[in-house]
Amino acid sequence: MVRITLKDGSSKEYRKGITVGEVASDISKGLARVAVAGQLNGQTVDLMQPIWEDASLNILTFDDMEGRKAFWHTTSHIMAQAVKRLFPNIKLAIGPSIDNGFYYDFDTERPFTPEDLEAIEKEMEKIIKEDLELERFELPRQEAIDFVAEKGESYKVELIEDLPEDSVISFYRQGEFVDLCAGPHVPSTGKVKSFKLLSLAGAYWRGDENNKMLQRIYGISYPKKSQLDEYLNRLEEAKKRDHRRLGRELDLFSILEEGPGFPFFHPKGMVLRNILESFWRSEHTKRGYEEVRTPIILNRDLWVRSGHWDHYQENMYFTNIDGGDYAIKPMNCPGSMLLYKRRMYSYRDLPLRMGELGLVHRHELSGALHGLMRVRCFTQDDAHIFMLPEQVKDEIVGVIDLVDYFYKQFGFNYHVELSTKPEKAMGTDEEWEMAIDALKEALEEKGMDYVINEGDGAFYGPKIDFHLEDSIGRTWQCGTIQLDFQMPERFDLTYIGADGEKHRPVMIHRVVFGSIERFIGILIEHYAGAFPTWLAPVQVRLLSITDRSADYIKDLARELENAGIRVETDLRNEKIGYKIREARLQRIPYMLVVGDKEVESRQVAVRSRDEGDLGPMDVKTFVDKIQQEISDRS
RNA sequence: GCCAAUAUAGCUCAGUCGGUAGAGCAACGGUUUCGUAAACCGUAGGUCGGGGGUUCGAGUCCCCCUGUUGGCUCCA
């Protein structure tokens with residue numbers, strides 16, 4: 001007998017070799033029905049897994065991330081099986097589950113067409129109806145290689161050869177289809193009730209652009225049709241809040257063919273942008289930052305000195321002036337270095353916090369451009385902090401607090417990553433280690449959870465990245481703090497210490513919004529265009545019922561403008577329902593309806609975007625209310 | 001940059017087998033002066049992304065280029 005301890009702490013004896021699925025059935029029929037995998041002593045396993053020893057067991061359903069992954073992984077096998085039935089000559093690469101579904105990469109002579117996808121979906125339906133059982137088996141290394149080689153699956157051979165010597169090599173069989181796979185999987189193909197193939201894409205083998213490009217098919221699946229519909233519905237909803245669409249509908253910005261990746265900001269987009277910048281300025285002034293502006297174009301020598309010439313050239317734009325080579329800045333730091341060097345500093349002057357809203361240009365691959373999220377020119381809300389070595393931790397902590405303050409202001413969730421030394425880097429391993437330790441120490445002092453991102457640092461130093469989560473769960477890197485021992489060295493930055501000698505300051509680069517353009521893109525999606533009143537490009541629209549109220553409305557508009565409120569009037573000869581509809585589509589926070597009654601009583605009928613009709617109100621009452629809302633930034 | 005899809009009026013989209021371009025909304029003109037999400041009538045608007053080719057004839061078929069979209073790669 002074996003003793004099995006369940007999630008709730010209870011335990012029970014079963015015969016040796018009972019499977020995970022049988023235990024689930026014993027617990028309850030309902031659980032057995034929704035079970036997709038198990039967790040045996042913390043390890044995810046198949047429901048078909050027999051249990052030979054005492055163990056703790058957790059039954060996973062589709063609601064568990066691990067369970068969902070098994071479910072999606074099985075669906076990817078079903079897709080691969082369908083592809084092999086339809087196109088026997090296609091070679092299989094890899095087919096994992098991802099955060100939202102699964103994909104499978106295929107090596108095929110002829111790219112898939114949308115019609116192929118339909119045929120594959122049909123074949124998958126058949127495989128699901130056949131309700132094939134999945135069976136796991138293991139093979140010794142050489143046999144495994146021979147097995148896949150005989151099938152002509154050269155990518156699988158390569159995968160097995162790259163597995164560590166001592167690893168268990170497992171396969172899963174469903175009907176005539178066998179695939180190399182670590183598992184786990186759901187017990188049979190019939191478990192997958194509802195699925196959809198979503199998109200086709202090219203993808204390099206092993207993500208390396210020097211390798212062959214394979215054909216990737218993405219898909220999603222669910223145990224119930226209603227869940228699939230809900231997911232597809234969510235995708236539709238996300239489309240509606242796409243910042244590119246809202247940017248056009250709300251007249252905020254545009255990106256034209258004449259400037260791919262170079263956005264134009266419209267008047268309303270500029271209002272939003274200016275508010276963000278003035279918020280930024282006031283918060284930074286409060287925290288002891290000064291502001292500078294450095295040139296967009298600087299000569300070649302500077303970029304050679306900063307290391308960008310050697311380490312960043314492929315992302316830079318160049319120009320020539322009077323026979324000399326110049327570069328358009330991709331970063332603000334070298335300019336700031338020059339500003340630091342304009343005079344002598346005492347240790348008493350440090351830390352020196354030098355901020356710059358700097359417009360940088362970077363050559364991004366054409367295929368990577370994406371609305372405001374990924375552009376070729378953007379404004380970094382940059383700052384360089386020069387400090388004594390003993391000030392490093394406090395300064396980093398200060399920036400972490402500042403970033404947190406900003407993001408909370410907009411109600412964002414975020415997570416933190418710590419990136420270490422990349423391949424193309426300046427400086428010694430010791431310097432890097434010191435810098436990484438300083439960042440870790442600051443994070444730990446703040447008690448922040450973070451993940452390590454190996455090899456993803458800037459070429460001059462490690463960094464802490466802040467990743468915001470957007471409306472459809474994508475994450476975007478915004479804030480970053482980068483510790484840099486290299487630039488001060490290269491530019492020979494010094495300060496005079498208490499001992500009267502010259503010393504080397506330490507420097508950090510940091511941004512909070514990251515890129516104002518990207519941040520605006522994220523804000524648009526986050527609020528679905530319905531900006532809180534303090535950010536709304538137009539805060540109030542005055543709507544006339546008939547021409548008779550026009551003069552009163554013009555007076556009101558002036559009064560509200562004088563109170564610092566952003567106002568528009570709609571005096572057109574249209575019905576009130578029509579005007580309200582348009583104002584709502586523009587997501588304007590307040591509509592003031594003014595007809596004969598309001599002219600008579602010297603009031604306004606207030607309709608809030610979020611709360612609907614609030615009824616008549618004295619003008620002063622409304623102004624007080626909205627001003628309060630604006631100053632609270634609620 | 002690579003793979004695929006795609007580009008028709010300001011916007012959203014029709015356009016069959018290759019026979020010479022159409023709707024709704026928006027704009028403009030008129031009528032209507034109306035109380036909380038779309039009044040009515042009319043007018044105008046297009047080198048069908050650009051270039052080349054096939055054809056008696058191309059929005060439609062082929063090739064090249066550009067942009068866009070979804071991925072890959074890269075990143076704020």
Side-chain angles (χ1 to χ4, degrees), chain A residues 103 105 108 111-114 116-117 198-218 239 242 244-245 248-249 251 254-261 312 314-315 330-331 358 360 362-382 419 456 458 463 465-468 476-480 482 509 511-519 521-522 543-550 571-585 591-598 605-609 612-616:
Chain A
Y103 67 80
D105 284 346
T108 156
F112 292 117
T113 63
D116 291 336
L117 281 199
L198 295 171
S199 64
L200 269 172
Y204 301 108
W205 168 236
R206 303 203 143 166
D208 185 336
E209 59 185 325
N210 299 312
N211 286 341
K212 181 163 186 187
M213 183 160 272
L214 308 172
Q215 296 291 315
R216 175 173 299 178
I217 304 177
Y218 285 93
K239 255 191 218 162
D242 188 309
R244 292 166 299 187
R245 176 190 179 126
R248 186 175 55 240
E249 288 174 358
D251 199 18
S254 50
I255 300 177
L256 307 174
E257 193 164 336
E258 289 80 354
Y312 209 71
E314 61 205 31
N315 284 299
M331 294 187 195
V360 298
R362 296 182 184 176
H363 180 72
E364 296 292 340
L365 295 178
S366 56
L369 302 178
H370 179 92
L372 289 181
M373 304 296 203
R374 195 60 175 285
V375 291
R376 284 179 171 154
C377 77
F378 57 99
T379 307
Q380 290 187 304
D381 62 319
D382 218 340
S419 296
D456 214 33
K463 56 179 185 170
D465 291 324
F466 296 82
H467 295 253
L468 287 189
W476 294 97
Q477 185 182 325
C478 290
T480 146
Q482 310 179 343
H509 313 240
V511 288
V512 182
F513 291 137
S515 142
I516 309 260
E517 289 76 2
R518 174 180 288 183
F519 198 81
I522 296 166
L543 313 177
S544 60
I545 302 275
T546 71
D547 293 344
R548 292 188 297 279
S549 52
L571 303 178
R572 291 175 304 169
N573 177 8
E574 291 289 351
K575 295 174 89 168
I576 194 65
Y578 181 78
K579 295 185 184 185
I580 285 173
R581 177 185 152 80
E582 290 207 337
R584 284 200 58 85
L585 289 174
M591 285 155 265
L592 302 185
V593 177
V594 179
D596 292 340
K597 276 187 275 179
E598 288 72 24
V606 180
R607 184 186 168 112
S608 141
R609 177 186 66 199
D613 194 349
L614 300 181

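Convention: sequence-line order gives letters A, B, ...; per-chain numbering from 1.
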Give one of base, sugar-phosphate or nothing for [X], where a contact means two heavy atoms less than 4.0 Å apart.
X         : result
Arg362(A) : base
Gly207(A) : sugar-phosphate
Lys597(A) : base
Gly514(A) : sugar-phosphate
Lys463(A) : sugar-phosphate
Glu582(A) : nothing
Asp208(A) : nothing
Val593(A) : base
Gly577(A) : sugar-phosphate
Arg607(A) : base
Ala605(A) : base
Val360(A) : nothing
Ile580(A) : base
Tyr218(A) : sugar-phosphate

Using the [atom1] atom on both, measure [N] against [M] and round to a whole Å.
N      : M      : atom1 : answer
U69(B) : C63(B) : P     : 24 Å
G30(B) : U36(B) : P     : 28 Å
A44(B) : C25(B) : C1'   : 16 Å
G53(B) : A14(B) : C1'   : 28 Å
G67(B) : G49(B) : P     : 16 Å
U55(B) : G18(B) : C1'   : 9 Å
U20(B) : C48(B) : P     : 15 Å
C11(B) : G50(B) : P     : 15 Å

Looking at every non-hydrogen atom in both residues, tell me the closest pair between [X] and [Y] and how far apart they are.
X         : Y         : answer
Lys463(A) : Asp456(A) : CE-O, 3.2 Å
Arg572(A) : Lys579(A) : O-NZ, 2.7 Å
Gly261(A) : Val375(A) : O-CB, 3.2 Å
Asp596(A) : Arg548(A) : OD2-NH2, 2.7 Å
Met373(A) : Arg518(A) : O-NE, 2.9 Å
Tyr204(A) : Asn211(A) : CD2-O, 3.6 Å

Report yes if at least one side-chain N or O of [X] is closer than 4.0 Å to OP1 or OP2 of [N]; otherwise report no.
X         : N      : value
Gln477(A) : C75(B) : no
Tyr578(A) : A26(B) : yes
His370(A) : G71(B) : no
Arg548(A) : C34(B) : yes
Arg244(A) : U69(B) : yes
Ser366(A) : G1(B)  : yes

By nearest heavy atom, map Ala201(A) and Phe466(A) onto RNA chain B; which one lands nearer the 5' end?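 Here Ala201(A) is the residue nearer the 5' end.
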Comparing Val606(A) with His363(A), nearest RNA chain B nucleotide closer to 5' gives the residue His363(A)
Quickly work out the [X] [atom1] to [N] [atom2] distance and round it to whole Å.
X         : N      : atom1 : atom2 : result
Asp105(A) : A4(B)  : CG    : P     : 15 Å
Glu574(A) : A37(B) : CD    : P     : 15 Å
Phe112(A) : A4(B)  : CZ    : C1'   : 12 Å
Gln215(A) : C2(B)  : CD    : P     : 15 Å
Arg245(A) : G70(B) : CZ    : P     : 13 Å
Glu209(A) : G71(B) : CD    : P     : 18 Å
Lys575(A) : G35(B) : NZ    : P     : 8 Å
Leu369(A) : U68(B) : CG    : P     : 6 Å

Any strand: nucleotide that pairs with [N] via Watson-Crick or wobble, under 3.5 Å:
N      : answer
G1(B)  : C72(B)
A7(B)  : U66(B)
G29(B) : C41(B)
A14(B) : none
C56(B) : G19(B)

So if I apply the side-chain contact (heavy atoms from CB on, under 4.5 Å) rule between Leu543(A) and each of Leu571(A), Val594(A), Ile580(A), which one comes out positive?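 For Leu543(A), the side-chain contact (heavy atoms from CB on, under 4.5 Å) check succeeds only for Ile580(A).
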ring centroid sep under 5.5 Å plus plane angle under 30, Phe378(A) with A76(B): yes
Could you tell me whether the side chain of Asp381(A) and the main chain of Gly514(A) form a donor-acceptor pair under 3.5 Å?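 Side chain of Asp381(A) to backbone of Gly514(A), a donor-acceptor pair under 3.5 Å: yes, one is there.
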Determine yes or no for a side-chain-to-main-chain donor-acceptor pair under 3.5 angstrom, with Lys239(A) supplying the side chain and Arg245(A) the backbone.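 Flag not set: sc Lys239(A) to bb Arg245(A) has no pair under 3.5 Å.
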Should the side chain of Tyr204(A) and the base of G71(B) be counted as holding a donor-acceptor pair, with the cut-off at 3.5 Å? no
Confirm from the modelled atom types if Glu598(A) and G35(B) form a donor-acceptor pair under 3.5 Å, side chain to base only. yes
Identify which nucleotide among [options] has an atom closest to any side-chain atom of [X], counting heavy atoms from C-beta outward.
X         : options                : result
Leu200(A) : U73(B), A39(B), A4(B)  : A4(B)
Arg248(A) : C11(B), C75(B), A26(B) : C11(B)
Arg518(A) : C75(B), G1(B), G71(B)  : C75(B)
Thr546(A) : G35(B), A76(B), U33(B) : U33(B)

Looking at Asp208(A) and Arg206(A), does any basic side-chain N land under 4.0 Å from a carboxylate oxygen?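 Not counted as a salt bridge, because no side-chain N and carboxylate O are separated by less than 4.0 Å.
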